[in-house]
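Every chain is numbered from 1, with letters handed out A, B, ... down the list of sequences. Since we're looking at a predicted model, the values are computed, not measured.
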Protein chains: 2
Amino acid sequence: MNLKQLSESLGLSQTTVSRALNGYPEVREATRLRVLAAAQAANYTPNVKARHLATGRAMAIGHVMPLTGREELVNPIFADFIAGAGEVYASEGYDMLLSMVSVEGAEAAYRQMASNASVDGVMVQAPTMDDPRIPLLQGLGLPFVVHGRTGSPEGYSWLDVANIRAFRRATEFLLDLGHRKIALVNGQETLDFARRRRLGYEQALAARGITPNPAWMRTDIMTEQFGYRSAVEMLEADDRPTAFLAASIIPAIGIRQAAGERGLRLGRDVSVICHDDGLSYIGNEGIRTPEGPAFTATRSSIRAAGKRCAEILLRLIDDPTQPPIQELWETDLTLGRSTGPAPAPASA
Amino acid sequence: MNLKQLSESLGLSQTTVSRALNGYPEVREATRLRVLAAAQAANYTPNVKARHLATGRAMAIGHVMPLTGREELVNPIFADFIAGAGEVYASEGYDMLLSMVSVEGAEAAYRQMASNASVDGVMVQAPTMDDPRIPLLQGLGLPFVVHGRTGSPEGYSWLDVANIRAFRRATEFLLDLGHRKIALVNGQETLDFARRRRLGYEQALAARGITPNPAWMRTDIMTEQFGYRSAVEMLEADDRPTAFLAASIIPAIGIRQAAGERGLRLGRDVSVICHDDGLSYIGNEGIRTPEGPAFTATRSSIRAAGKRCAEILLRLIDDPTQPPIQELWETDLTLGRSTGPAPAPASA
DNA sequence: CACTCTCTCCAAAGCGCTTTGGGTTGAATC
DNA sequence: GATTCAACCCAAAGCGCTTTGGAGAGAGTG
């Protein structure tokens, strides 16, 4: 069933039917209702491709899910982010075009999306400090929103969490508990957010006159095994940290496991704070006892971020004169069962 | 730059240029090279929508990522599955159209994809025993592949792991270690795979004359907190299991946490076997010591499954006469550090 | 009553591509 | 030298929709 057939069955022109369906005012209300009823009855939906050819709008948003590392690992964080964004797209009638490519291939993917106009805008995730995708997209004139930001976050739309503050605060909290040997199990520091988190950590230490120990600062893809291995190495060294700061709940789980295997109890022998993105299946909030969730954590819902980024992007698409929209979200520091006072030096 | 401009700049007709670019034989090799060079120089890529309008093919595959539960949780498993599939699509020039909807909305999503021909085929994930999407898609005539299968898996293409055998084998392994009190922390049993896993578990118990204890059989969305809570409840009861069988590594992590908090060591005081989908960030294989990975697990890469499902789907699309392709993958049972002989009854 | 609007509706062009159904041309064939 | 046949190339017709530029019919106005 296409427009032509539908209009013939109604004894109307294609123009009128099209206008009736798209809510234009040049059609009598009675006619519109008749058209809508007929469309409904015939189970008619306009051919998206034809419409796009005619309008030039793709009614689709491009997402590029970066696969990190040589193994092209897929971060579950993106699934939740996409879920949030997808919700918005669906409600506004947009499709989501997903491209999974290695970090190196991302640029080409965006370039292609732009060149054949298969999307009306794109979402940029996990930017590096000086991400080449941003000037690229600006040059291509394709609307985009960055989740996170770069070193010089001007002239484009982004949404980010206050990473420096979050990790400074978390570090201060550990310092207040008497910890002096604090390890940072960070994400890849080529990524801007990880760099900022390290800054926050270093600032807090510096404010108390503590020089960070390079052996206690690890940076890599935020897998469970990365957390595990980092913790194993640090806990088996002669001088070991009494607290860990993890960039995600996933490495934090690895740290917990490493500690547990060595008979160290979280919150008593070793403290752990992680950033909690509120992941669906491994959200920290879920495991809540009267004493709080499992991990003390800086919290910010990645799904809510996805949703908001999508809203911003659609606004940008709707109104090309819209100036850049930038939002900085604060995180909560929620107390859980994984932190406690630093153990007495004798036992460490 | 469009076809018309390109052909004018070359002094050729649109027909010839189009044919040259698409590899038809009616064009001289010299001309083809000239055309290709010009296209390259002009950075020309054909407008996808126009092409689709003309050919009727969308060059896109629809994925519907089911969000489960009232909270619409997104299972990280799907991210890895999609990564595998996406790899294949990209290499064959297909786009991936992703729709995130609640389980109830999935049918409508598929129906829409079919009705406006925005995709050439769809992927069906997480089927229930008697999934309505299958007759729906058959009726719509849209090629599809099911990851998993239904109660009566005939007449359509699917790829599944041998869930019954996997869980029977895992249960037998625990029985061989002397465990008699084995709990099953399963996925939602409306889903076919979960039902099959329970069957495997029950068969193994029945073969040794053991009646399953309903209190030790849990079924829900496979989150970490589900694993945690289930384990807490069972471990705090008077009669507690000595071993757990978990449907995913994620609830298994919750179980481990619950056990650890109670001073129970995995592989010594409590045994755990889980199914390991080889997730990128929380893959069991990663945390490997000389004694093996953290969990004893039935293993099957979800990413490889995604890849293979995509290959099958593209084959189906390429050749409509292709009869259904069905593949049953066996799992490995790999020994990890989470299992050991059943503790002496006195200590239990 | 002629004229001007406003309301409704329509014919046709156009979006950029593929593909059908020929045309030309030059070489090979009889 | 006429005929046949590849080999190349082209004009034009769609694909299904939106949108421009009217046209016709009543209603309102002087």
Judged by each residue's nearest nucleotide on DNA chain D, which is more toward the 5′ side, B:R28 or B:T55? B:R28
Please determine whether a side-chain nitrogen or oxygen atom of [X] lies at a distance below 4.0 Å from atom OP1 or OP2 of [N].
X	N	answer
B:Y24	D:dA7	no
A:N2	D:dG16	yes
B:T15	D:dA11	no
B:N22	C:dT18	yes
A:Y44	D:dC17	yes
B:T16	D:dC10	yes
A:S13	C:dA11	no

Closest approach of B:R303 to A:E71 (non-hydrogen atoms, all atoms of both residues): NH1-O, 3.8 Å
Can you measure A:L53 atom CG to C:dG14 atom P for me and round it to whole angstrom units? 15 Å
Over 60° means perpendicular and under 30° means parallel, so classify the ring planes of A:Y89 and A:Y94, tilted if in between.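 It falls in the tilted class, 30° to 60°.
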Heavy-atom check, side chain of A:R308 versus side chain of A:I312, under 4.5 Å: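 The answer is yes; the side chains approach within 4.5 Å.
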Taking side chain as C-beta onward, heavy atoms only, is A:P46 less than 4.5 Å from A:L21? no
What about A:S18: does its side chain form a donor-acceptor pair under 3.5 Å with the base of D:dT19? no
Choosing from D:dC17, D:dT20, C:dT8, which nucleotide comes nearest the side chain of A:R19?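 From the listed options, D:dT20 comes nearest.
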Considering only side-chain heavy atoms of B:Q14, which listed nucleotide, D:dC9, C:dC15, C:dT18, is closest? C:dT18
